[in-house]
Amino acid sequence: DTAVSQTPKYLVTQMGNDKSIKCEQNLGHDTMYWYKQDSKKFLKIMFSYNNKELIINETVPNRFSPKSPDKAHLNLHINSLELGDSAVYFCASSHSGGGGQETQYFGPGTRLLVL
Amino acid sequence: AQKITQTQPGMFVQEKEAVTLDCTYDTSDPSYGLFWYKQPSSGEMIFLIYQGSYDQQNATEGRYSLNFQKARKSANLVISASQLGDSAMYFCAMREGRSTGFQKLVFGTGTRLLVSP
């Protein structure tokens with residue numbers, strides 16, 4: 001069974017559209033994250049949720065709205081898509097403890113292309 | 001300022017040889033975690049190894065070991081007996097923040113490793 005899954009894997013859409021990416025984890029983790037990997041492969045955190053509560057919001061445009069219906073799910077909705085939103089979006093999850101428990105496990109990524 | 005620095009954009013190694021991928025970090029927090037991830041051409045991010053700032057011994061996981069030099073603030077990844085399947089992008093990352101849920105990973109720019117037969 002896949003530990004962290006994301007759908008869809010690929011998303012091709014027109015500028016101005018609204019789209020959603022879904023993420024689910026079956027690892028029993030209490031914290032989930034969204035990261036963006038740009039065309040130069042640089043990874044940067046966007047959001048983190050702990051027990052369904054938004055904890056980190058890293059200066060992301062408010063066109064991006066995460067939602068966590070429960071601890072195992074974290075979705076990302078993007079309004080009015082722009083060309084610059086083209087990237088790979090990774091969901092990740094972890095425990096919130098230390099000592100290695102906080103190791104983040106990543107989903108397979110969603111490749112978003114905005115035309 | 002860069003918090004994680006990977007100075008090697010690309011590395012080449014022959015199969016069965018060992019290779020070291022460099023990573024230096026910058027933090028004033030005494031409690032932190034260091035991670036290495038592998039990203040093959042298929043795109044997924046695979047966790048390889050973890051080192052905690054208070055760990056006395058270098059972490060090892062199979063053919064992967066982390067050469068942790070705290071005073072130098074370096075956390076180099078050593079891959080022994082390289083295999084063709086090790087060809088991938090490798091990212092060093094540091095866990096920032098201690099409070100529950102505030103623990104985000106800050107990534108380096110990555111090193112692309114190519115293993116030749």
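Per chain, numbering begins at 1; letters A, B, ... match sequence-line order.
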Check whether Y35(A) reaches the backbone of L105(B) with its side chain - one donor and one acceptor, N or O, closer than 3.5 Å. yes
In this structure, are over 12 heavy atoms from other groups packed under 6.0 Å from E53(A) atom CD? no
Look up atom CD in Q39(B) and atom CG in L43(A), then write down how far apart they are to the nearest 0.5 Å. 6.5 Å
Check for me whether the distance between the ring centres of F47(B) and Y105(A) falls short of 6.0 Å. yes
Looking only at G33(B), G43(B), G110(B), most heavy-atom pairs under 4.5 Å shared with chain A are made by G43(B)
According to a 4.5 Å side-chain heavy-atom criterion applied to Ile, Leu, Val, Met, Phe, Trp and Tyr, with indirect links allowed, do I78(A) and L54(A) form part of one hydrophobic cluster? yes
Chain A heavy atoms under 4.5 Å from Q51(B): which part of the residue, side chain, backbone, both or neither? neither
Roughly how far apart are E102(A) CD and F35(B) CZ, rounded to 0.5 Å? 4.0 Å
Quick one: what part of Q37(A) sits under 4.5 Å from any heavy atom of chain B, side chain, backbone, both or neither? side chain
S53(B), part contacting chain A, at a heavy-atom distance under 4.5 Å: neither
CG of L48(B) to OG1 of T103(A), rounded to nearest 0.5 Å, is 11.0 Å
NZ (K104(B)) and CD (Q104(A)) are apart, to the nearest 0.5 Å, by 11.5 Å
